[in-house]
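Everything on this sheet refers to the single structure shown next.
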Amino acid sequence: MEVLANVTLCHPRPSSGQDTSQAILVNSQVPRNLSANCVVVRVDRFGYSANNVTYQALGEIPHFRYFDFHAAPESEGVSPKTHGVSPVWGFGTIIASTHAAIRVGERVYGYFAATRYLVLPISPTDISKYAFFVSRPHLPADRRPYNQVTRCSSDALYDPSPEVEDLTMLYRPLFWTSFWCEDWINSSQYRGGATRVLISSASAKTAFCLAYLIRKRNATPGNTNSTMQVVGLTSKKNLDFTKRLRLYDHVLVYEDFDTTSIMNAPSQKWLYIDVAGNEALNGKIINHFTSNAKLNLVGSIALGLTNLSPSSGSPSASNWSTNDFSSHRAPSTLEQFFMPEWLAVRKKQLSVTEITQLQKDAWFALMRDCRTWNVTLCRVYGANSVKSAYDEVVRSGIPPDQGFIWSMWEDERENERARL
Ligand SMILES: NC(=O)c1ccc[n+]([C@@H]2O[C@H](COP(=O)([O-])OP(=O)(O)OC[C@H]3O[C@@H](n4cnc5c(N)ncnc54)[C@H](OP(=O)(O)O)[C@@H]3O)[C@@H](O)[C@H]2O)c1
């Protein structure tokens with residue numbers, strides 16, 4: 001194989017004592033000789049959202065170990081000891097393979113990195129026409145979903161149009177969390193009849209996809225609950241965006257959180273779903289409900305951590321519980337949604353065909369409906385521009401109206417040429 005020049009966005013590890021928000025671009029070379037059962041993925045484009053900030057912020061936390069999925073290159077004074085690489089969900093093409101069942105030219109989707117090329121060791125036996133799996137014996141078995149590389153040619157949800165690929169990178173990592181969380185809540189009849197659902201970080205995609213699914217369930221004949229209302233809670237700067245989504249019945253801002261103005265029927269049961277992961281906010285919300293005798297909070301669930309930022313440093317490892325991997329659980333008294341556990345229950349209740357059909361229906365509806373939401377796809381090409389875009393995220397957070405699609409390549413023509 002010819003020598004391939006690589007460039008990777010790397011983050012200082014908190015344990016290195018460096019400023020974790022100072023990302024750097026590291027040049028390296030892809031090794032000429034591949035070991036047996038390895039592939040080289042040319043990473044074309046990837047999505048970037050608060051979810052990726054969470055991966056970085058929890059990169060070194062022993063229970064999550066997001067920095068242990070892809071090693072930082074040993075180059076230009078950087079090593080896996082000093083730096084981490086944050087995972088991203090993206091599309092790529094296999095450009096070299098020493099695995100007998102994986103051919104060069106295959107289009108794939110997976111848990112990749114902000115880099116041009118990724119060398120991945122692949123399990124020789126754990127492979128089907130739908131997917132193959134990266135060998136990561138150093139990580140616990142429950143990381144399996146992150147090791148899966150989806151083969152686009154057999155993926156029922158795949159659409160090769162660049163716009164749908166972009167939407168897929170943006171929504172697929174989040175939508176299934178929202179989808180199965182709503183399914184889980186519904187299995188308890190919304191915790192015994194909640195008719196008000198309050199969602200924090202309401203402008204985040206995970207949050208508004210959940211609102212979308214709640215409304216959708218409510219619009220299904222036979223499920224209609226005319227008293228159900230979904231209430232979003234967001235920051236002042238994202239208030240207009242959140243209202244314009246038209247997915248919430250009411251939108252409140254953090255600073256003046258108070259349900260009095262919308263408490264038009266005091267006997268309603270409330271369910272709180274936290275996507276912000278802000279302990280102070282949660283304290284305020286729980287206090288609001290428990291100190292008002294007219295309010296009835298029937299459940300509170302932790303789903304996200306948008307309030308983490310690369311520059312906020314890693315939270316103390318001892319604050320995190322030991323079985324909270326998939327839900328990015330914050331230390332709190334909130335109930336945790338643990339997707340693998342819930343999926344294991346559903347796999348006993350439903351056939352594979354039924355689950356596949358449920359997911360297909362939900363996904364194609366999302367691909368149709370998400371185009372009406374005011375999220376503009378925003379592509380950034382080139383390693384330097386990606387780094388600048390990342391630096392802007394560190395400075396200002398993630399704007400909800402922009403769906404970031406980043407590529408370490410200079411333009412889409414380079415990607416298209418490589419695909420051809
Ligand atoms: N449980 C799981 O397995 C799972 C799966 C997927 C995602 N998640 C989590 O869900 C959360 C949302 O992810 P997403 O990708 O959907 O988010 P997103 O669409 O990128 O969210 C953007 C929103 O996050 C808030 N935000 C952004 N930067 C911030 C900052 N620096 N400080 C405070 N708030 C900031 C703002 O919302 P507001 O102004 O409305 O607060 C912003 O509109 C993430 O924490 C992610 O890890 C969990």
Side-chain angles (χ1 to χ4, degrees), residues 48-58 61 64 173-175 177-178 181-182 185 194 196-214 230-243 245 247-259 262 270-290 297 299-316 319-321 324 326-339 375 393-402 404:
Y48 195 92
S49 72
N51 198 27
N52 304 90
V53 175
T54 314
Y55 294 148
Q56 186 197 330
L58 302 180
I61 300 289
F64 297 93
L174 319 161
F175 182 68
T177 300
S178 312
C181 182
E182 194 280 332
I185 298 166
R196 295 285 181 278
V197 182
L198 175 71
I199 308 179
S200 69
S201 235
S203 66
K205 285 175 276 300
T206 307
F208 67 70
C209 282
L210 182 65
Y212 159 76
L213 289 162
I214 296 170
V230 189
V231 181
L233 186 55
T234 185
S235 49
K236 261 185 194 140
K237 69 174 177 183
N238 293 328
L239 178 64
D240 284 349
F241 167 84
T242 311
K243 281 184 171 170
L245 284 169
L247 294 172
Y248 296 97
D249 296 284
H250 303 275
V251 184
L252 306 175
V253 293
Y254 297 126
E255 291 79 353
D256 18 272
F257 168 69
D258 184 351
T259 56
I262 52 170
W270 286 78
L271 180 62
Y272 171 49
I273 300 174
D274 175 34
V275 180
N278 180 320
E279 287 292 287
L281 173 72
N282 288 344
K284 186 173 159 180
I285 288 171
I286 304 292
N287 185 45
H288 172 78
F289 282 105
T290 51
L297 183 68
S300 43
I301 294 164
L303 196 63
L305 286 170
T306 58
N307 280 216
L308 282 182
S309 76
S311 53
S312 64
S314 282
S316 153
N319 283 345
W320 297 81
S321 66
D324 52 5
S326 289
S327 54
H328 303 153
R329 297 169 186 194
S332 84
T333 52
L334 272 56
E335 191 183 357
Q336 313 290 340
F337 171 59
F338 191 44
M339 192 160 93
V375 179
V393 165
V394 173
R395 276 192 297 274
S396 316
I398 307 259
D401 57 346
Q402 288 176 39
F404 288 144

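Numbers here simply count residues along the sequence, with the first being 1.
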S300: side chain to side chain donor-acceptor pair (under 3.5 Å) partners, not counting sequence neighbours: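 Checked S300 against side chain to side chain donor-acceptor pair (under 3.5 Å); zero matches.
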Residues forming a side chain to side chain donor-acceptor pair (under 3.5 Å) with T306, sequence neighbours excluded: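 Testing T306 for side chain to side chain donor-acceptor pair (under 3.5 Å), a comparison that skips the adjacent residues, returns S201.
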Roughly how far, to the nearest 0.5 Å, is the [atom2] atom of [Y] from the [atom1] atom of [X]?
{"X": "I214", "Y": "I199", "atom1": "CD1", "atom2": "CD1", "result": "4.5 Å"}
{"X": "I301", "Y": "F337", "atom1": "CD1", "atom2": "CZ", "result": "9.0 Å"}
{"X": "L210", "Y": "I185", "atom1": "CG", "atom2": "CD1", "result": "5.5 Å"}
{"X": "M339", "Y": "S178", "atom1": "CE", "atom2": "OG", "result": "9.5 Å"}
{"X": "K243", "Y": "T234", "atom1": "NZ", "atom2": "OG1", "result": "11.0 Å"}
{"X": "K205", "Y": "I398", "atom1": "NZ", "atom2": "CD1", "result": "7.0 Å"}

Does the side chain of [Y] come within less than 4.5 Å of [X]'s, by heavy atoms?
{"X": "L58", "Y": "L305", "result": "yes"}
{"X": "F208", "Y": "Y248", "result": "yes"}
{"X": "V251", "Y": "L239", "result": "yes"}
{"X": "I286", "Y": "L297", "result": "yes"}
{"X": "V393", "Y": "N52", "result": "no"}
{"X": "Y272", "Y": "N282", "result": "yes"}
{"X": "L303", "Y": "T177", "result": "yes"}

Pairing residues for [X] by the side-chain contact (heavy atoms from CB on, under 4.5 Å) criterion, not counting sequence neighbours:
{"X": "K284", "value": "F257"}
{"X": "S396", "value": "E392"}
{"X": "D258", "value": "T260, H288"}

Ignoring hydrogens, what is the shortest heavy-atom contact between [X] and [Y]? Give both atom names and the distance.
{"X": "A57", "Y": "S309", "result": "CB-O, 4.3 Å"}
{"X": "L308", "Y": "V53", "result": "O-CG1, 3.5 Å"}
{"X": "A207", "Y": "V275", "result": "CB-CG2, 3.9 Å"}
{"X": "L271", "Y": "A194", "result": "CB-CB, 3.9 Å"}

Results of ring-ring contact (aromatic ring centres under 6.0 Å, His included) for [X] - residues two or more places apart only:
{"X": "Y254", "answer": "none"}
{"X": "Y212", "answer": "W373"}
{"X": "Y48", "answer": "W406"}

Contacts of type salt bridge (charged side-chain N to carboxylate O under 4.0 Å, His left out), residue D249, not counting sequence neighbours: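 Checked D249 against salt bridge (charged side-chain N to carboxylate O under 4.0 Å, His left out); matches are R215.
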Sidechain-backbone polar pair: Q336 side chain, L334 backbone, donor-acceptor under 3.5 Å: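 Checking the backbone N and O of L334 against the side chain of Q336, a donor-acceptor pair under 3.5 Å is found.
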side-chain contact (heavy atoms from CB on, under 4.5 Å) between S200 and L281, intermediate numbers included: CA-CA 9 Å; S200 69; L281 173 72; 4.2 Å; yes
